[in-house]
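Here the structure is laid out as structure tokens; the discussion comes afterwards.
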There are 2 protein chains.
Amino acid sequence: MTKKSTIALVAQHAGVSVASVSRVLNGLPASPAITERVQASAAALGYAPDASARRLRVGRTEQIAFAVADLGNPVYTAMTRTITEEVQEGGFRLLLASTGQGADGPLGLLTDLDGSFVDGLILSPLQVDERVVERLRGRRHPIVVIGSVPDDVPVDSVRADSMTGVRLALEHLVAQGRRRIAFVNGPVDTVPGAARLAGYVRGCDALGLVTHQELQVVADDFTYEAGLPAARRVLDQCVPDAILCANDLLGVAALNVLRERGLRVPEDVAVVGMDDTDLAGMTRPALTSVDLGSIERARRAAQLLLRRLGGFDGPPERVVVEPTLRVRASSGGAA
Amino acid sequence: MTKKSTIALVAQHAGVSVASVSRVLNGLPASPAITERVQASAAALGYAPDASARRLRVGRTEQIAFAVADLGNPVYTAMTRTITEEVQEGGFRLLLASTGQGADGPLGLLTDLDGSFVDGLILSPLQVDERVVERLRGRRHPIVVIGSVPDDVPVDSVRADSMTGVRLALEHLVAQGRRRIAFVNGPVDTVPGAARLAGYVRGCDALGLVTHQELQVVADDFTYEAGLPAARRVLDQCVPDAILCANDLLGVAALNVLRERGLRVPEDVAVVGMDDTDLAGMTRPALTSVDLGSIERARRAAQLLLRRLGGFDGPPERVVVEPTLRVRASSGGAA
DNA sequence: TGCTGCCTCGTAATCGATTACAAGAACGAT
DNA sequence: ATCGTTCTTGTAATCGATTACGAGGCAGCA
């Protein structure tokens with residue numbers, strides 16, 4: 001391993017002062033003679049400025065963190081990809097922080113954040129409790145939350161309109177003649193779980209649909225594995241003509257359980273997922289899914305953060321991204 | 001936003017010297033009286049040590065980077081998840097660097113790396129050219145490569161045994177009575193593409209199978225979208241009784257194209273994927289897949305890096321992870 | 001020639017934490 | 001009481017880069 005070279009070594013090698021080296025390397029005015037000597041020496045020594053020293057002086061790490069609960073969910077993968085591109089364009093590196101389930105993950109992260117290892121944070125928490133909110137208030141760096149935050153917490157946020165999203169799905173299913181629409185949700189003590197449940201209940205009310213308890217089931221997680229027993233449970237309890245699932249992983253699980261029970265999709269039971277991930281296009285029948293604008297949310301979140309880091313100091317933004325329905329074969333509505 | 005508090009402020013608040021504050025906070029010996037005062041002051045001021053300053057002094061960032069070509073591929077997602085867990089356990093944060101396709105991605109990253117924004121790097125390159133190798137030689141930090149590197153490059157590496165993996169798949173298919181086995185590969189100018197092609201050719205030779213050009217097709221990418229036209233092309237060219245795919249995304253594409261052509265899986269054509277990602281269990285029929293030990297490779301890579309960071313200074317390790325075949329319905333071999 | 005003004009370049013302060021070193025306190029042994 | 005040992009605590013150097021400030025050189029102008 002080659003050993004590290006510092007600005008002092010370059011200065012010595014070039015026979016100039018450290019200040020001149022720094023100036024040349026940062027494009028500040030310097031005479032052609034010095035410029036050339038410094039550049040030659042820097043190249044010869046393979047010099048690369050020390051990120052920590054630089055940051056200590058100028059106050060910027062040029063790093064942004066993205067905190068996500070479960071990378072296994074393709075919707076977060078897609079978001080991560082978008083955010084990576086967006087922040088790299090802005091000249092920042094992306095740090096991926098895995099918070100895991102529960103509210104303790106973000107909490108530890110927010111504490112660490114005070115150590116200034118990043119300039120800003122994009123937080124997509126599954127759960128938010130009082131302690132998290134408190135830390136968001138006392139933050140020292142710009143934070144953008146993907147999801148809902150109480151109105152009085154002064155951070156930018158970008159959220160999906162799950163309520164409308166669920167409504168779109170229900171209306172579509174009703175238009176296909178479905179009336180007994182079951183709902184496979186994820187944990188309701190999470191932000192998305194709660195929002196989607198509320199959307200289902202209100203949407204059914206508005207459309208005059210029944211919402212018996214037997215039509216509703218809660219999976220232990222927003223995962224495929226948790227979706228299988230959940231889908232089986234709902235079919236044991238009732239005979240729906242459609243199943244709405246709180247995300248695509250649960251949707252795929254429902255598709256497979258229906259097949260295992262000998263029920264045809266969409267003839268006997270229609271299925272609709274949410275998030276419109278890549279997965280939706282891969283299943284057969286392809287899964288109709290509500291696009292909650294995850295890519296768009298990721299992009300907007302990144303942009304909001306970059307704007308704050310650029311010095312913008314206005315009041316907190318509250319962005320709501322509108323959902324759209326992506327109809328595929330699993331709901332029988334496709335051409 | 002609360003403003004930053006430094007060790008000096010804490011010292012002033014507690015009425016002690018900065019050295020004492022540092023000592024208390026780092027658990028070095030100090031009298032109970034001082035310990036208590038410092039802890040109280042630190043808590044009162046919400047003090048958190050500055051990561052850059054600390055790193056500048058002690059020489060550690062406590063960050064590790066994982067460089068990956070395409071996060072959209074579930075195999076990398078799974079690896080990322082494993083590595084995240086592993087390095088967090090070791091007290092490091094994970095930085096995700098997206099290199100994109102081609103050899104230029106890793107190149108820029110390896111240059112940046114000299115800036116010491118991380119203590120070490122796990123690199124999973126799709127392509128490796130001479131320039132990359134050269135940089136690996138002149139590196140200033142421990143690097144672990146997931147994939148193959150020339151023998152004389154002094155870095156730890158963990159690679160899959162694609163050759164054997166492909167062989168396992170071929171043997172399994174032959175045991176199922178298949179003889180005309182087509183191969184849908186990804187780009188052959190990538191490390192995995194080349195390895196899998198070599199495995200296919202040698203495996204077919206050894207098993208006495210035909211390897212006409214019409215049986216082989218190369219997708220533009222290791223993606224689902226690229227897999228669809230590739231699978232169509234191979235079916236236009238020949239009538240195989242099995243299709244081996246270089247990864248699960250291509251495998252799922254093949255499954256869907258076969259269905260679109262009215263061919264039954266596995267009765268008419270068997271399909272086998274590689275990587276054994278979560279996806280394989282979600283399709284119907286479920287996709288038989290060669291587990292190239294991605295999780296294991298990720299874990300080993302993280303452990304090797306952590307060991308180097310712990311001061312280990314032995315000769316470069318070369319770990320090869322053995323593949324296993326995960327038989328599911330798509331190859332007709334399941335119970 | 002002498003003065004002003006600009007331009008270039010070097011010296012040294014600075015960011016915040018860690019830590020080597022030394023000074024002082026406390027205590028025990030003689 | 002005196003000396004030495006140990007323990008605690010503070011002062012100051014240090015990591016590497018950026019940058020304020022000042023010194024010196026050079027050109028332009030009277």
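In what follows, chains are A, B, ... by sequence order, proteins preceding strands, each numbered from 1.
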- Query: Which heavy atom in Thr77(A) sits nearest to a heavy atom in Leu71(A), and how many Å separate them?
  - Reply: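 Scanning both residues completely, I find the closest heavy atoms to be OG1-O, 3.2 Å.
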
- Under the salt bridge (Lys or Arg N to Asp or Glu O under 4.0 Å) test, residues paired with Arg23(A) that sit two or more places apart: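 Scan of Arg23(A) (salt bridge (Lys or Arg N to Asp or Glu O under 4.0 Å), adjacent residues dropped) gives none.
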
- Message: If the cut-off is 4.0 Å, is Tyr47(B) near the phosphate of dA17(C), judged by side-chain N/O to OP1 or OP2?
- Response: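 True: Tyr47(B) side-chain N/O within range (under 4.0 Å) of dA17(C) OP1/OP2.
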
- Output yes when at least one side-chain N/O atom of Ser22(B) is less than 4.0 Å from OP1 or OP2 of dA17(C), else no.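 Answer is no, no contact under 4.0 Å.
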
- Would you mind classifying the nucleic acid contact of Thr6(A) as base, sugar-phosphate or nothing, using non-hydrogen atoms under 4.0 angstrom?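 If one applies the 4.0 Å heavy-atom cut-off, Thr6(A) turns out to touch the sugar-phosphate alone, with no base involved.
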
- Message: If we ignore hydrogens and angles and just use 3.5 Å, is the side chain of Arg54(B) paired with the main-chain N or O of Gly59(B) as donor and acceptor?
- Response: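 No; judged by distance alone, with no hydrogens or angles, the pair does not exist.
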
Rounded to whole Å, please give me the gap between [atom1] in [X] and [atom2] in [N].
X        : N       : atom1 : atom2 : answer
Asp50(B) : dC15(D) : CG    : C1'   : 13 Å
Arg60(A) : dT19(D) : CZ    : P     : 13 Å
Ile7(B)  : dG10(D) : CD1   : P     : 12 Å
Asn26(A) : dT18(D) : CG    : P     : 5 Å
Leu25(B) : dT9(D)  : CG    : P     : 15 Å
Leu56(A) : dC15(C) : CG    : C1'   : 4 Å
Arg37(B) : dT9(D)  : CZ    : C1'   : 11 Å
Glu36(B) : dT8(D)  : CD    : P     : 16 Å

- Task: Go through the steps to decide whether Ile64(A) and Leu305(A) satisfy the test side-chain contact (heavy atoms from CB on, under 4.5 Å), and finish with yes or no.
- Result: CA-CA 9 Å; Ile64(A) 286 175; Leu305(A) 187 57; 3.5 Å; yes

- Query: Do any pairs count as a salt bridge (Lys or Arg N to Asp or Glu O under 4.0 Å) and have a residue in residues 59-72 of chain A, sequence neighbours left out, and if so which ones?
  - Reply: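 Residue pairs passing salt bridge (Lys or Arg N to Asp or Glu O under 4.0 Å), neighbours aside: Asp70(A)-Arg81(B).
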
- How does each nucleotide of nucleotides 4-14 of chain C score, in 5' to 3' order, for protein heavy atoms under 4.0 Å: base (B), sugar-phosphate only (S), or none (-)? ----SBBBBBB

- Query: Does a side-chain heavy-atom distance below 4.5 Å link Ser52(B) with Phe117(A)?
  - Reply: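 In short, these two side chains do not touch, never coming nearer than 4.5 Å.
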
- Under 6.0 Å from the CG atom of Asp151(B), do we count more than 12 heavy atoms belonging to anything else shown?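 Not more than 12 within 6.0 Å, no.
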
